[in-house]
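Encoded as structure tokens, the structure appears first; notes follow it.
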Amino acid sequence: ARPRAWTAPAEWPTPACPTTVPPSRATAALSLPGGRRSAVAVALTLHGAGPLDAVRPLLDEARSLSVPLTLFLVGTFVRANPAYVASLGAAGHELANHTANHKTMGGLSASQVASEIVGCRSELERAASTPGAWFRPSGMEVPTEVVLREAAVAGYQKVIGYDIDPRDYQDPGAAGVEQRVKAALHPGAIVSLHTAHEGTVAAFGGIVAAIRAAGLEARTVTGLLGAP
């Protein structure tokens with residue numbers, strides 16, 4: 001995800017990487033930007049950060065439409081709102097890791113990348129008793145070898161990208177967000193959206209309607225790709 005308008009008012013310290021980490025089944029995670037074109041569904045993913053009052057409207061809209069989401073949450077948001085994050089998981093949304101502080105990962109050393117991944121994982125475990133089903137790096141569209149390697153070491157065997165990006169973080173307006181998603185919509189797509197942007201909230205119902213009109217189902221990433 002590209003950096004967006006909101007930034008944390010202060011960066012919380014990231015927990016140090018533990019001396020023991022979950023054993024990885026591979027030397028590097030797989031990078032997956034989308035699902036199979038033969039799928040009958042798309043996955044709607046949200047980059048979750050920002051003031052809680054600005055995040056709630058989009059999640060409320062998803063609830064009203066009975067749409068499950070994969071929420072790539074920033075660790076600072078999780079730490080500030082642990083009860084709310086736990087309630088999202090209990091409501092059927094899929095929680096996932098979007099780094100501790102939403103830094104531009106391509107400019108970090110391997111140890112810093114590891115700290116960002118493990119930091120968010122720790123926050124998710126504290127808030128919701130899960131490390132998150134998936135990982136998505138911040139500040140990049142295509143993960144580097146370092147990111148893929150450190151993701152695997154931290155226990156994430158697949159790094160999830162996206163193949164539909166309406167650039168809603170640029171605030172093009174609801175019509176712009178909706179039209180960009182509709183124009184690119186295809187079976188197996190993974191759609192990238194952001195919380196705390198009014199245009200995204202206003203466009204969400206139209207996006208869901210377009211998915212359903214195309215004979216597709218809006219699912220979580222696990223619902224699209226299967227278990228991690």
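Closest approach of S31 and L148 over heavy atoms only: CB-CD2, 4.1 Å. Counting all heavy atoms, side chain and backbone alike, A96 lies closest to W134 at CB-O, 3.4 Å. Nearest heavy atom pair, residue E61 against residue S64, reads O-OG, 2.7 Å. The minimum heavy-atom distance linking V78 with A127 is given by the pair CG1-CB, 3.7 Å. Taking each heavy atom of I117 and V147 in turn, the nearest pair found is CD1-O, 4.4 Å. Annotation for A203 and A174: closest pair CB-O, 3.4 Å, computed over non-hydrogen atoms.
No donor-acceptor pair closer than 3.5 Å links the side chain of S115 to the backbone N or O of Q112. Looking only at distances, no side-chain donor or acceptor of T104 sits under 3.5 Å from a matching main-chain atom of G107. At least one donor-acceptor pair closer than 3.5 Å links the side chain of H93 to the backbone N or O of L69. No donor-acceptor pair under 3.5 Å is formed between the side chain of R149 and the backbone N or O of T27. Side chain of H186 to main chain of A184: a donor-acceptor pair is present (N/O by atom type, distance under 3.5 Å, no hydrogens or angles). A donor-acceptor contact shorter than 3.5 Å is absent between the side chain of Y169 and the backbone of L193.
For the pair R136 and Y162, the NZ or CZ position fails the cation-pi test of under 6.0 Å to the six-membered ring centre and within 45 degrees of the ring normal.
Counting only heavy atoms from C-beta outward, the side chains of P228 and Q157 never approach each other to under 4.5 Å. By the 4.5 Å heavy-atom criterion applied to side chains, P33 and I190 are not counted as neighbours. Two residues are said to be in side-chain contact when any heavy atoms from C-beta on lie closer than 4.5 Å; S138 and F72 fail this criterion. Side-chain atoms of L216 and P187, non-hydrogen and from C-beta on, do get closer than 4.5 Å to each other. Between L52 and F77, the closest side-chain pair of non-hydrogen atoms falls below 4.5 Å. For the pair M105/T144, no side-chain contact is recorded, criterion being any heavy-atom separation below 4.5 Å from C-beta on. You'll find the side chain of V191 stays beyond 4.5 Å of the side chain of T45, heavy atoms only. The closest side-chain heavy-atom distance from L59 to L71 is below 4.5 Å.
With values rounded to the nearest 0.5 angstrom, T76 atom OG1 is found 9.0 Å from H102 atom NE2. Distance check, rounded to the nearest 0.5 Å: CG of D165 to CD of Q170 gives 8.0 Å. A distance of 9.5 Å separates CG of L185 from CD1 of I207, quoted to the nearest 0.5 Å. Atom CD in E94 sits 9.0 Å away from atom OG1 in T130 (nearest 0.5 Å). Distance check, rounded to the nearest 0.5 Å: CG of L224 to CD of E217 gives 10.0 Å. Rounding to the nearest 0.5 Å gives a distance of 5.0 Å between NZ of K103 and CD of E116.
Criterion: ILVMFWY side-chain heavy atoms under 4.5 Å apart, direct or through other members. Under it, L65 and V42 are part of a common hydrophobic cluster. L32 and V142 fall into different hydrophobic clusters, where Ile, Leu, Val, Met, Phe, Trp and Tyr are joined by side-chain heavy atoms under 4.5 Å apart, directly or via other members.
Side-chain contact, H47 with S192: a donor N or O sits under 3.5 Å from an acceptor N or O. In this structure, a donor-acceptor pair under 3.5 Å is present between the side chains of H194 and D168. There is no side-chain donor-acceptor pair under 3.5 Å between S122 and E125. With no hydrogens or angles considered, no side-chain donor-acceptor pair links T222 and T220 at under 3.5 Å.
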When you look at V113 and S109, which way does the side chain to side chain contact (heavy atoms under 4.5 Å, CB included) test go after all the steps? CA-CA 6 Å; V113 168; S109 67; over 6 Å; no
Under the criterion side chain to side chain contact (heavy atoms under 4.5 Å, CB included), I'd like the reasoning laid out for V67 against L44: C-alpha separation, chi angles, the key distance, then a yes or no. CA-CA 9 Å; V67 174; L44 294 178; 3.8 Å; yes
Stepwise side chain to side chain contact (heavy atoms under 4.5 Å, CB included) check, K158 with F135: CA-CA 7 Å; K158 295 173 184 176; F135 171 69; over 6 Å; no
So L124 and L73, side chain to side chain contact (heavy atoms under 4.5 Å, CB included) or not? Walk me through it. CA-CA 9 Å; L124 286 167; L73 300 175; 4.2 Å; yes
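Classification of K182 and E178 as a salt-bridged pair holds, one side-chain N sitting under 4.0 Å from a carboxylate O.
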